[in-house]
Amino acid sequence: MSIFRRLNILSGQLTPSSIRSRGYGSSAAMTFTLPSGATIPVPGFGTGTKWYKPGDPSIDRRVVDAIVSALKLGYRHIDGAEVYGTEGEIGVAIKESGIPRDQIFVTSKILPKIGNPRAALEETLKLSQLDYLDLYLIHAPFVDEKSHGISLEKAWEVLSELKSEGKVREIGVSNFAIADLERLKGSKEKVAVNQIEFNPYLQNQTPGIVEYCQANGILVEAYTPLGPLFPAAKGGPLDPVVHKLATKYGRDAGQIILKWTIQRGIIPITTSAKEERQKSNLDLNGFELTAEEVKEIDEAGSQKHFRSYWTDKYIP
Ligand SMILES: NC(=O)c1ccc[n+]([C@@H]2O[C@H](COP(=O)([O-])OP(=O)(O)OC[C@H]3O[C@@H](n4cnc5c(N)ncnc54)[C@H](O)[C@@H]3O)[C@@H](O)[C@H]2O)c1
Ligand SMILES: OCCc1c[nH]c2ccccc12
């Protein structure tokens with residue numbers, strides 16, 4: 001039984017679905033479906049990491065070019081954040097791509113301006129020349145009255161209002177552990193997405209988080225899904241497994257790891273300025289790992305720990 005079907009049976013909700021359910025218009029992008037019925041194109045294209053420039057609204061032409069290139073290749077899901085300082089570039093790139101707004105899924109994340117979520121969203125929309133976001137995430141759970149002038153629960157309540165007003169279509173969180181998600185469990189509006197660092201060498205950003213999310217209808221997005229390919233992580237127990245599967249399927253190592261992520265029911269978000277990498281990271285149709293191969297990656301990956309964000313001392 002394919003892992004996709006296994007996931008459907010387990011969660012009954014988080015299903016990769018066929019392309020074009022919302023008319024994303026790209027032959028490359030597939031979509032996952034949220035419990036609400038909304039679809040999210042897969043994979044996502046990130047604008048953090050290399051291009052991070054917090055508080056700087058100037059337009060970095062290299063970032064615009066990278067996003068335009070990604071959109072032209074077929075990406076339909078762009079990941080931004082208040083703190084990345086790339087909202088302006090996302091707006092310019094969407095306009096320059098000529099692709100209609102409703103065919104692109106745009107995510108932003110709130111923090112540090114979470115003290116006034118409404119004002120933070122207005123600024124993000126203005127900077128990115130958009131009148132709504134598809135997904136708005138609380139970037140991290142470290143939100144409290146003392147640091148931000150608002151509690152996590154109150155901030156979630158305001159995000160829920162913004163959703164009911166149609167300014168954001170879906171709301172979710174990022175870097176949340178089970179205990180953080182439990183704090184929002186009684187809320188009227190459910191958490192749609194938890195974006196976490198996830199790769200074969202980091203299958204538990206925090207203990208049990210993926211299993212908890214999938215059992216509770218929360219879609220997991222993976223940032224830094226290609227961590228095992230970073231020079232600092234190379235030479236580990238995953239390398240021979242990925243090499244074997246890359247040879248078997250005639251794909252590259254990145255494609256094998258991204259496909260594994262998707263078959264685990266998780267949306268990978270990658271970043272690259274290089275057209276060749278953008279292309280290969282998007283070209284994930286036309287092959288499927290067997291359930292045994294998915295398990296082989298699970299097991300080889302479990303033998304090593306590699307984490308890029310948040311020091312272990314500061315794990316949420
Ligand atoms: N929510 C959060 O706290 C958080 C944290 C980090 C990143 N993010 C988001 O996720 C996005 C993706 O994260 P990331 O950039 O760390 O992910 P990633 O796994 O794509 O890593 C990017 C690095 O991998 C390299 N790379 C890309 N494709 C490759 C390939 N095919 N083979 C080998 N190397 C390749 C890139 O050149 C870059 O150096 C970010 O841009 C950002 O939008 C969110
Ligand atoms: O998303 C990238 C990680 C990151 C950089 N700066 C931040 C501030 C708040 C939450 C997450 C981040």
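Both counts, for ligands and for their atoms, begin at 1 and track the order of listing.
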What do you reckon, is [atom1] of [X] surrounded by more than 12 foreign heavy atoms closer than 6.0 Å?
X      : atom1 : value
Lys113 : NZ    : no
Arg118 : CZ    : yes
Lys53  : NZ    : yes

Using a 4.0 Å cutoff against the non-hydrogen atoms of [X], which atoms of ligand 1 qualify?
X      : value
Phe230 : 21 (O), 23 (C), 24 (O)
Asp79  : 9 (C), 42 (C), 43 (O)
Thr47  : 41 (O), 43 (O)
Thr49  : 13 (O), 14 (P), 15 (O), 16 (O), 40 (C), 41 (O)
Gly46  : 11 (C), 40 (C), 41 (O), 43 (O)
Ile269 : 10 (O), 11 (C), 12 (C), 13 (O), 17 (O)

Exercise for the section: Going by heavy-atom distance to atom 44 (C) of ligand 1, choose the closest among Tyr52, Tyr84, Tyr309. Expected result: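 Going through Tyr52, Tyr84, Tyr309 one by one, Tyr84 has the nearest heavy atom to atom 44 (C) of ligand 1.
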
Handout entry: Proximal candidate to atom 29 (C) of ligand 1 [heavy atom criterion; set Arg277, Gln278, Gln195]
Key =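 When every heavy atom of Arg277, Gln278, Gln195 is considered, Arg277 comes closest to atom 29 (C) of ligand 1.
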
Top protein contact for [atom], by heavy-atom distance:
atom                    : answer
atom 19 (O) of ligand 1 : Leu226 N, 2.8 Å
atom 20 (O) of ligand 1 : Thr271 N, 3.0 Å
atom 28 (N) of ligand 1 : Asn281 ND2, 3.0 Å
atom 10 (O) of ligand 1 : Tyr223 CB, 3.3 Å

Handout entry: Within reach of ligand 1, part of Leu229 (heavy-atom separation under 4.0 Å)
Key =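 Side chain only; the backbone of Leu229 stays clear of ligand 1.
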
Problem - Mode of Leu137 contact toward ligand 1 - side chain, backbone, both, neither (heavy atoms, under 4.0 Å) - result: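 Leu137 to ligand 1: no contact under 4.0 Å from either part.
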
Using only heavy-atom distances, determine whether the side chains of [X] and [Y] contain a donor-acceptor pair under 3.5 Å.
X      : Y      : result
Gln195 : Asn175 : no
Thr47  : Thr86  : yes
Gln278 : Ser69  : yes
Glu182 : Tyr212 : yes

Exercise for the section: Check the angle between the aromatic planes of Tyr309 and Tyr223 and answer parallel, tilted or perpendicular using the 30° and 60° thresholds. Expected result: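 Correct class here is perpendicular.
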
Handout entry: Phe45 and Trp51 aromatic ring geometry - parallel, tilted or perpendicular at 30°/60° bounds
Key =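 Because their plane-to-plane angle lies in the 30° to 60° range, the rings of Trp51 and Phe45 count as tilted.
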
Taking distance alone, with no angle check, do [X] and ligand 1 share an N/O pair under 3.5 Å?
X      : result
Gly254 : no
Pro225 : yes
Thr224 : yes
Asp252 : no
Asn175 : yes

Practice task
Sort out the contact shell of ligand 2: every protein residue with a heavy-atom distance below 4.0 Å, listed by chain and number.
Solution key: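 Residues within 4.0 Å of ligand 2: Tyr52, Val83, Tyr84, Leu111, His139, Tyr309, Trp310.
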
Problem - side-chain contact (heavy atoms from CB on, under 4.5 Å), paired with Thr270, selected from Leu282, Thr224, Leu226 - result: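 The option that passes is Leu226.
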
Practice task
For the pair Lys167 and Glu161, find out whether any cationic side-chain nitrogen is under 4.0 Å from an anionic carboxylate oxygen.
Solution key: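 No salt bridge links Lys167 with Glu161.
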
Practice task
Take Tyr84 and Glu89 through the side chain to side chain donor-acceptor pair (under 3.5 Å) test and state the conclusion after the steps.
Solution key: CA-CA 11 Å; Tyr84 300 164; Glu89 285 82 351; over 6 Å; no

Practice task
Determine whether the aromatic ring centres of Phe198 and Trp260 lie less than 6.0 Å apart.
Solution key: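 When the ring centroids of Phe198 and Trp260 are compared, they turn out to be within the sub-6.0 Å range.
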
Practice task
Could you establish whether Lys50 and ligand 1 come within less than 4.0 Å of each other, counting only heavy atoms on the residue side?
Solution key: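 It does, in that a heavy atom of Lys50 comes within the 4.0 Å cut-off of ligand 1.
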
Exercise for the section: Tell me, please: is His139 in heavy-atom contact with ligand 1, that is, under 4.0 Å? Expected result: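 A heavy atom of His139 does come that close to ligand 1.
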
Handout entry: Qualifying residues under side chain to side chain donor-acceptor pair (under 3.5 Å), relative to Asp144, sequence neighbours excluded
Key =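 Ser147.
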
Handout entry: Six-ring centre of Tyr201, Arg307 cation under 6.0 angstrom, axis tolerance 45°
Key =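 Relative to the ring axis of Tyr201, which defines the angle, Arg307 lies outside at least one limit.
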
Problem - Verdict with reasoning, Gln214 to Arg264, per side chain to side chain donor-acceptor pair (under 3.5 Å) - result: CA-CA 10 Å; Gln214 292 184 338; Arg264 288 281 310 259; 5.9 Å; no

